[in-house]
Student: 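Sharing a structure, written as structure tokens. Questions coming.
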Amino acid sequence: PRKTTEANIANFTRQIKSLGFSYDWSRELATTDPDYFKWTQWIFLKLYNSWFNPETNKAESIDTLKFPADCTTEEKQRAYRDSKRLAYVSEAPVNWCPELGTVLANEEVIDGKSEVGGFPVIRKPMLQWMLRITAYAERLLNDLDTIDWTDSLKEMQRNWIGRSEGAEVDFQIAGSSFKTTVFTTRPDTLFGATYMVLAPEHKLVDQIIPSVWPEGTPVDWKGGTANQRSSSIDQSSIVANQPSSFVAPKDGFATPTEAIKAYRAFAAGKSDLERTELAKDKTGVFTGAYAINPVNGEKIPIWIADYVLASYGTGAIMAVPAHDTRDFEFAKKFNLPVIQVVQPTDSKTDWQGFTDDGVSVNSGFITGLSTPEAKAKISAWLEEQGVGEKTINYKLRDWLFSRQRYWGEPFPIIWKKDAAGNLYHEALPESALPVLPPTLEDYKPTADGQPPLARAAGWVNLPDGSTRETNTMPQWAGSCWYYLRYLDAKNNSAFVGKDAENYWMKSGGEKPGVDLYVGGTEHAVLHLLYARFWHKVLFDLGQVSTAEPFFKLVNQGLILGEDGQKMSKSRGNVVNPDDVLAEFGADAFRLYEMFMGPLQDTKPWNTRGVEGVYRFLGRVWRLFVDEKSEVEFEQAETTTDASKQGELLKLIQLSPAIKDIAATSAQLKTLHTCIKKVTEDLDGMRFNTAISAMMVFVNEAMTWEVKPVAVLREFLQLLAPFAPHLAEELWSRLSTISQQPSTSLTYAAWPKFDPALLVENEIEIPVQVNGKLRDVIKIATTASQAEMETAALASEKIKAAIAGKTVKKVIVVPKKMVNLVAV
RNA sequence: GCCAGCGUGGCGAAAUGGCAGACGCACGGGACUUAAAAUCCCGGGACCUUAAAAAGUCGUGUGGGUUCGAGUCCCACCGCUGGCACCA
């Protein structure tokens, strides 16, 4: 992997340099370099040694965490700390991708497939490292308002974080001491809850089964006993309506316990992909238990169904089929009662499946209230009664941070055994950094998820009997903070020096952070979310001085293949920059990419378009160079004899039309119009229109018999950011004529435009009759409104257009237009 | 299904509510050339009329609205792109 990476870096570096980009190479870094990832590991230690204090809403050192009274033993205290750390270990079902041989973060799974490669992902319980990004959900959401990103990108992050306000409501389980809590965004519909659904994995299922169906009392599933059976539940339909992959016995299950077991197995075995595909078809089984609705004491049946997710809210819901689409589908399928509790304000709308706000009905003390009022009143009531409270839920999950890869930063963590023989983890000291990976012959992933590093026994086992963590960090770790390292790339004593950090990150004043970050939207909920999270932790710990890493972010559009499709090897529509450069040169390549259209737009590549800008660069060349001497140039281009080539190139003469004389006012106007446009367009990153302005200038300048050198010099400065090679070459040639020093164009100050030179004496303005263009008249710029009106009425065409009509009204926009309203 | 964004010539695209199509590509005609390439000049939304033009009509996804005036603002719909998706 190191060899491949180094070869790739060399190739990219060569390509970037061949394009003539002005990077500061003294700040170059590689996330794979131990001098760099030492600090990645160092930041991990910061995360490991911190906890999120909900009272201060900030990360703090783990040392500030106070132990609860019952944490008396060392083991208990360690376990308590470990449960609060920002980096923690969790044994839970994770996204396992067999093809890649590694686990993946939620953000890396798209439609049940891996983001890289598109391979199937399944759920598998594994011991993995997690980062507590959920603690930052609120700040990650709120601080989006402080940064200058596109709305669509902010919206993607908002959706991913997925904040929703609602209430938690406690339900007592009938005939037992158990209770469970559901989360709902619609507490106002509580009176319409006709059943409850638990996620198949829900803990309560294990508790209520033995309580409702005591061991050793087999019950006929289809019959049940009177108090366990709901007349509204058609047991036979339960069996009949299961999907084919959930095989139920023909006569139903002998006991509900069996049915529940079978259903849980069925739900657990589904891959993410299957879950998505089967999403339309509701499945579930009745547990036999009932819950008591706290608002009216009604007994409602408890079901388990996989449309309720264990990982969101409380893993349990109150189902209100009348006003929730999913509950409605489920209730229809299993013949569960549907009770209306919300009346649409629009009388034409059917209340069945109505999920919007309306007015509460059949709802006791909240009947007649509008939905927001009803929510507020019932929430207050629930809190008063001690059976519920307002809460906020987020869709965001903690970040699965470990991978089963050889090529990743090793965790600075070792495992030890306590007195009872239980394993626990411990951080290595900062002095142990960087933790280097061992050299391995076989670094490939394993089929069972065992990390490749586990093969290096000599590396894993330490003399004191402890063992090293063998998982590695994901590729995001290194990219989470690289922008900070750019500020101080060679610092050996800190991840970034305080002064450097302050100087660069605060240089924007009111716009703190990276001034401008250009990148694709594919990182919306990956890199851009992770980096914000790390940055906020570093901010809380006093390591950086801004709350956000990237102040302004611009998404460049994707360049599609010539066929309008995404470039891909399989389609054979990939454009290799090396080929374009070989044929047209770096300047044409750069110019074309900027000329294609707005930076943010997705647009197809068109080689003909490259030829177009190449031709433009040719025109620029001929604007400066004597056309007769071009013969020499062509010969020089084709000759292979280097010394002869040099001689021929020397013969190329500047155009005799270029003279060191004062420019006419028309020439200055042409130049300054161009300076204004290019300057403003560069600021707004409208490169396409800036280039078109330069084309207009060149088209005009080509017609000049005498070309003042000062005008051409300034034009070259405008061209330089776009086509630096050609601009610099012509700039140095011009120095033979003008008295200006021949220093590099790079150091010349950007030209300023003079508004006084752009003033027009006479302008053409359109004259409309009833909004339709009828004539264009020339008029002095200083003309008054009355003069404009008079001039418009004097036009023969206008006279003809209003003949036989009465002019009712005249609209005059100074320096813009005249419109006559005539009837 | 939900959220966001976008619909302008044959194509990439311009256009603070004020001359729609700048600039470029493709195309047509001409000059130069023995010829071609390169280069230079001219033309160019559609329709109607014409030998040619002028003039005229229509035209920014569709239908409505606001306005003296709409590609631009508002409402509804259609289509495309991106994102999310059983998140209670």
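Quantities reported herein were computed from a predicted structural model and do not represent experimental measurements. Both backbone and side-chain heavy atoms feed into the values below; hydrogens, waters and symmetry mates do not.
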Student: Between the side chains of A/Thr689 and A/Asp681, does any donor sit under 3.5 Å from an acceptor?
Tutor: yes
Student: Does A/Asn819 use its side chain to pair, donor to acceptor, with the backbone of A/Ile811 at less than 3.5 Å?
Tutor: no
Student: Between A/Phe687 and A/Phe595, is the ring centre distance below 6.0 Å?
Tutor: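 Here the rings of A/Phe595 and A/Phe687 have centres that are no less than 6.0 Å from each other.
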Student: Please pick, from B/A88, B/C68, B/U57, the nucleotide with the shortest atom-to-atom distance to any side-chain atom of A/Val308.
Tutor: B/A88
Student: Given the structure, check if the side chain of A/Lys808 and the base of B/C68 hold any donor-acceptor pair shorter than 3.5 Å.
Tutor: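 No such pair is found, so the answer is no.
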Student: Answer with base, sugar-phosphate or nothing: what part of the nucleic acid does A/Arg397 contact at a heavy-atom distance below 4.0 Å?
Tutor: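 A/Arg397: base contact, heavy atoms under 4.0 Å.
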Student: Consider only side-chain N and O atoms of A/Asn393 and A/Ser164, and report whether a donor and an acceptor are under 3.5 Å apart.
Tutor: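 Side-chain D/A pair, A/Asn393 to A/Ser164: absent.
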Student: If the glycosidic angle sits within 90 degrees of zero it is syn, else anti. Tell me which applies to B/G29.
Tutor: anti
Student: Please check if the side chain of A/Arg163 supplies one atom and the backbone of A/Ile161 the other of a donor-acceptor pair under 3.5 Å.
Tutor: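 Checked: no pair found.
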Student: Does A/Gly612 reach a base, just sugar-phosphate, or nothing at all? Heavy atoms under 4.0 Å.
Tutor: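 Here A/Gly612 touches the backbone only, sparing every base.
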Student: Can you find a side-chain donor-acceptor pair between A/Gln157 and A/Trp149 that sits under 3.5 Å?
Tutor: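 Not at all, the side chains of A/Gln157 and A/Trp149 share no donor-acceptor pair under 3.5 Å.
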Student: The side chain of A/Met695 is closest to which nucleotide in this list: B/C23, B/C84, B/C58?
Tutor: B/C23
Student: Is A/Glu760 salt-bridged to A/Lys669, cutoff N-O under 4.0 Å?
Tutor: yes
Student: Compare side-chain N and O positions of A/Tyr312 against OP1 and OP2 of B/A88 and report whether any pair is under 4.0 Å apart.
Tutor: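 A/Tyr312 to B/A88 OP1/OP2: side-chain N or O found under 4.0 Å.
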Student: Could you provide the dot-bracket string of RNA chain B, using ( ) for intrastrand pairs, [ ] for crossing pairs and | for bases paired to another strand, with Watson-Crick or G-U pairs below 3.5 Å?
Tutor: (((((((..(((.....[....))).(((((.......))))).(((........)))..(((((..]....))))))))))))....
Student: Flag the pair A/Phe584 / A/Tyr592 as yes when their ring centroid distance falls below 6.0 Å, and as no otherwise.
Tutor: no
Student: Could you tell me whether A/Glu329 and A/Lys332 have a side-chain N and a carboxylate O separated by less than 4.0 Å?
Tutor: no
Student: Would you mind building the protein contact string for nucleotides 7-19 of chain B? One character per nucleotide, 5' to 3', B for base within reach (heavy atoms under 4.0 Å), S for sugar-phosphate only, - for untouched.
Tutor: -----BSS-B-BB
Student: If only side-chain N and O atoms of A/Lys333 are considered, is one of them under 4.0 Å from the OP1 or OP2 phosphate oxygen of B/C86?
Tutor: no
Student: Using 0.5 Å steps for rounding, measure from the CG atom of A/Leu623 to the NZ atom of A/Lys707.
Tutor: 5.0 Å
Student: Quiz question: by atom type and distance under 3.5 Å, do the side chains of A/Tyr530 and A/Glu107 form a donor-acceptor pair?
Tutor: yes
Student: Rounded off to whole Å, could you give me the CD1-to-P distance for the A/Ile691 and B/C25 pair?
Tutor: 13 Å
Student: Would A/Asp188 and A/Arg186 pass as an ion pair if we require N to O under 4.0 Å?
Tutor: yes
Student: Start at the 5' end of RNA chain B and walk down; is the nucleotide closest to A/Gly313 or to A/Val613 reached first?
Tutor: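 Going by which nucleotide is closer to the 5' end, it is A/Val613.
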Student: Between B/U60 and B/G21, how far apart are the two C1' atoms, rounded to whole Å?
Tutor: 9 Å
Student: Please list, for nucleotides 39-43 of chain B, all pairs of protein and nucleotide N/O atoms separated by less than 3.5 Å.
Tutor:
unit_1	atom_1	unit_2	atom_2	d
B/U39	O3'	A/Arg622	NH2	3.4
B/C40	OP1	A/Arg619	NH1	2.7

Student: Categorize A/Ser311 for me: base, sugar-phosphate, or nothing, with a 4.0 angstrom heavy-atom threshold over every strand shown.
Tutor: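 No contact at all - A/Ser311 keeps every heavy atom at 4.0 Å or more from the nucleic acid.
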